[in-house]
Peer 1: 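Following this message is one structure expressed as structure tokens.
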Protein chains: 4
Amino acid sequence: MEEFIARGFAATRLDDIAKRAGVAKGTIYLHFKDKESMFEELIRTAIVPLVMRIGSTPPPAGASVRDMVENFARTFIQEVATTRRGDIVRLIVAEGPRFPAVADFYFREVVSRGLAGMRAMIELGIARGEIRNRNLAKFPQILVAPALIAVIWQSLFSKHAPLDAIDMFKVHLDLIFGERRTT
Amino acid sequence: MEEFIARGFAATRLDDIAKRAGVAKGTIYLHFKDKESMFEELIRTAIVPLVMRIGSTPPPAGASVRDMVENFARTFIQEVATTRRGDIVRLIVAEGPRFPAVADFYFREVVSRGLAGMRAMIELGIARGEIRNRNLAKFPQILVAPALIAVIWQSLFSKHAPLDAIDMFKVHLDLIFGERRTT
Amino acid sequence: MEEFIARGFAATRLDDIAKRAGVAKGTIYLHFKDKESMFEELIRTAIVPLVMRIGSTPPPAGASVRDMVENFARTFIQEVATTRRGDIVRLIVAEGPRFPAVADFYFREVVSRGLAGMRAMIELGIARGEIRNRNLAKFPQILVAPALIAVIWQSLFSKHAPLDAIDMFKVHLDLIFGERRTT
Amino acid sequence: MEEFIARGFAATRLDDIAKRAGVAKGTIYLHFKDKESMFEELIRTAIVPLVMRIGSTPPPAGASVRDMVENFARTFIQEVATTRRGDIVRLIVAEGPRFPAVADFYFREVVSRGLAGMRAMIELGIARGEIRNRNLAKFPQILVAPALIAVIWQSLFSKHAPLDAIDMFKVHLDLIFGERRTT
DNA sequence: TATGAATGAGCGTTCATTCAT
DNA sequence: TATGAATGAACGCTCATTCAT
């Protein structure tokens, strides 16, 4: 996976994967049909812990919706956006169009579920009066957009200009939930 | 450029580029040092009209900041996000890490300028009282995040679930500028 | 053996042989030094029953030489030429030049013995007055030539044009022994 | 072609072909789609001069059918059976079953035409009273069988026991046309 | 004796790059 | 300036062979 992340699908050599895995080249073919299916399977298995790592954070009891979303985003940013795992997301963006199976899987397992979860939260926030804008439930993408931006920024521009993703997300939450008096 | 967009750097063959360009393969080397520098130059020259297309929209006289931003976003979404040009952005996200020159150029010419422009608008909005959240000026990324999301969504998931990017952006603007009474 | 017949030496995989034999791949190496010697041994052991099947037909008591030869040829054609066994002969023709040990063995065990037998018959036929051409004893190959042709035809051209090998052989015998009045 | 003859299809390496042809390996792919089609095309183009070499011998004026056939066979044996060209025939026998296109072509261009020519000669021989056995026309294969045997013998057994193919063929002709008084 | 996972040399094929024309 | 045939390094993949169990 590290090799695919570092070089992309086409530029990654089976030789390097084998070397890094500490096995002979032929051994790879005992586990995978070919390079393509290896890539797809690796992505698939890499996504599961990615989702787990996010989903496993239990919402604190008696928490406001804002706290829940903030918790969620903080976990994502700390555990994904600012680590090598974030590059998996970038890898999917990069190779998705040429690997429909990857894009399909990602949409099904991560995107649609994640958005459904976000939508539920938004609706809860609306019901509780924490969120005023009722249309937000139609576009839960807005809620997560800055987190995704953070992932991309990290890979491409962090050395040009560091970005405090958590701070950014808090400002974003202020837009949605209203500004807090204390910051 | 079309070929690079469709297949990525590594999977694109000079043969196909030459065919599409209507020249012989050898002719390419009269204009470019090698495949890498051709890619970098093409990206560079492709970005300019991309920026032009956005920047050229003159702000309507006497417009509110919201109108200006909305105009801007509408142009971007119509002219970039929902067309093949949007894939250039995705291409940069995909190949950027392996082509620092590309990422550098993109940051310098597009991202930093774009964000500076956004920041100026945000500050104008704050000054005029249109925008309440003063912290937004620290993170102009938030302003454009949904537009970028739209680009990525278009490439990867539009066939799974179409996304009305303009509607989404309007909701996003409502978060920033406050909800309009009439929609 | 079936695998070697179907695909030739080089294109046959030990994997398939092991599967067909119902053993693990490694087990093969307990019985054979390597693929080459396995091929040679298999050919050797396959030839024995091939010869047996032909040689075992007892000449009918009081038979004419022509009857003996015809019997012999009929057995060969029915038991070898028109069955999978015939392909062993073709396999030897195909791989012989690259496996001198195979060609040597085949020459020693089958060809020279078979020709010696044919020569004896021809001489008997000449002695009994059944065969007029005394020179035939110098080239017993002529006697069996149509049978070999039948084997090759079967493998290569039977689907283009079927060949009644037994009828052909009878005509051939007519040339040697003189035409019979009744057909 | 020499390489295929010497080693068979599967065991022949493109490297060796390129080396022998004095070109780089990649150059091969400017002329042939892949190894298989190269093999098929080479066989095809090798057969043409093979046929030409035989068919070009003009029948001597006022020749008997026996003379014509003998001439024909002598040319075949001298120009094909006892030279490297004969191995092309053996190669077809060897690889034909795995290359239906080759077997088909060979049947169409060589076998069926050759047999038709032989049949015509036989019928002429019958008409002229040179050949008594009218059934021979049904199996022109018999006429050429010893010539084919000679080809195979040459490849496999000539070092064990040399075979005078021309002498053998004369005896064979004696069987068909009747023995000549003088030899 | 039997296994089958692991090996790695070797093959067919591709494609960026060169250069004689 | 333009060509495109030729190159050959490099890659994905196969498969005969080995060896720890």
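Proteins get letters first, then strands, A, B, ... in listed order; numbering begins at 1 in each. Values below: every heavy atom of this structure, side chains too, minus hydrogens, waters and symmetry copies.
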Peer 1: With nearest nucleotide decided by heavy atoms, which residue, Asp15(B) or Ile28(C), maps closer to the 5′ end of DNA chain E?
Peer 2: Ile28(C)

Peer 1: Tell me every residue that passes side chain to side chain donor-acceptor pair (under 3.5 Å) with Glu2(D), counting only those two or more places apart in sequence or in another chain.
Peer 2: Arg84(D)

Peer 1: Any residue in residues 31-40 of chain D with a heavy atom nearer than 4.0 angstrom to DNA chain F? Just list them by number, or reply none.
Peer 2: His31(D)

Peer 1: Would you write out the dot-bracket form of DNA chain F, 5' to 3', with Watson-Crick and G-U pairs under 3.5 Å, [ ] for crossing pairs, | for pairs to other strands and . for unpaired bases?
Peer 2: .||||||||||||||||||||

Peer 1: What are the bounds, 5' to 3', of the part of DNA chain F that sits under 4.0 Å from heavy atoms of chain A?
Peer 2: dC11(F) to dT14(F)

Peer 1: Of all residues at least two apart in sequence or in a different chain, which pass the salt bridge (Lys or Arg N to Asp or Glu O under 4.0 Å) check with Asp34(C)?
Peer 2: none

Peer 1: Could you state the atom-to-atom distance from CD of Glu3(B) to P of dC15(E) in whole Å?
Peer 2: 12 Å

Peer 1: Going by heavy atoms closer than 4.0 Å, what residues in residues 7-14 of chain B are next to DNA chain E?
Peer 2: Thr12(B), Arg13(B), Leu14(B)

Peer 1: Only pairs under 3.5 Å count here: list side-chain donor-acceptor contacts from residues 99-110 of chain A, not counting sequence neighbours, and write none if there are none.
Peer 2:
residue	atom	partner	partner atom	Å
Asp104(A)	OD1	His160(B)	NE2	2.7
Glu109(A)	OE1	Arg113(A)	NH2	3.3

Peer 1: With salt bridge (charged side-chain N to carboxylate O under 4.0 Å, His left out) as the rule and sequence neighbours excluded, what pairs involving residues 20-29 of chain A come up?
Peer 2: Glu3(A)-Arg20(A), Asp15(A)-Lys25(A)

Peer 1: Among residues 18-27 of chain C, which ones have heavy-atom contacts with DNA chain E below 4.0 Å?
Peer 2: Val23(C), Ala24(C), Lys25(C), Gly26(C), Thr27(C)

Peer 1: Between Leu156(B) and Val111(A), is the side chain to side chain contact (heavy atoms under 4.5 Å, CB included) condition met? List the steps.
Peer 2: CA-CA 11 Å; Leu156(B) 296 181; Val111(A) 174; over 6 Å; no

Peer 1: Which residue pairs satisfy the side chain to side chain donor-acceptor pair (under 3.5 Å) criterion with at least one member in residues 86-100 of chain A, sequence neighbours excluded?
Peer 2: Asp87(A)-Arg90(A), Asp87(A)-Ser155(A), Glu95(A)-Arg98(A)

Peer 1: Pair up each side-chain donor or acceptor in residues 40-49 of chain B with any protein partner under 3.5 Å, not counting sequence neighbours, and list the distances.
Peer 2:
residue	atom	partner	partner atom	Å
Thr45(B)	OG1	Glu41(B)	O	3.1
Thr45(B)	OG1	Leu42(B)	O	3.0

Peer 1: Who passes side chain to side chain donor-acceptor pair (under 3.5 Å) against Thr27(B), sequence neighbours left out?
Peer 2: none

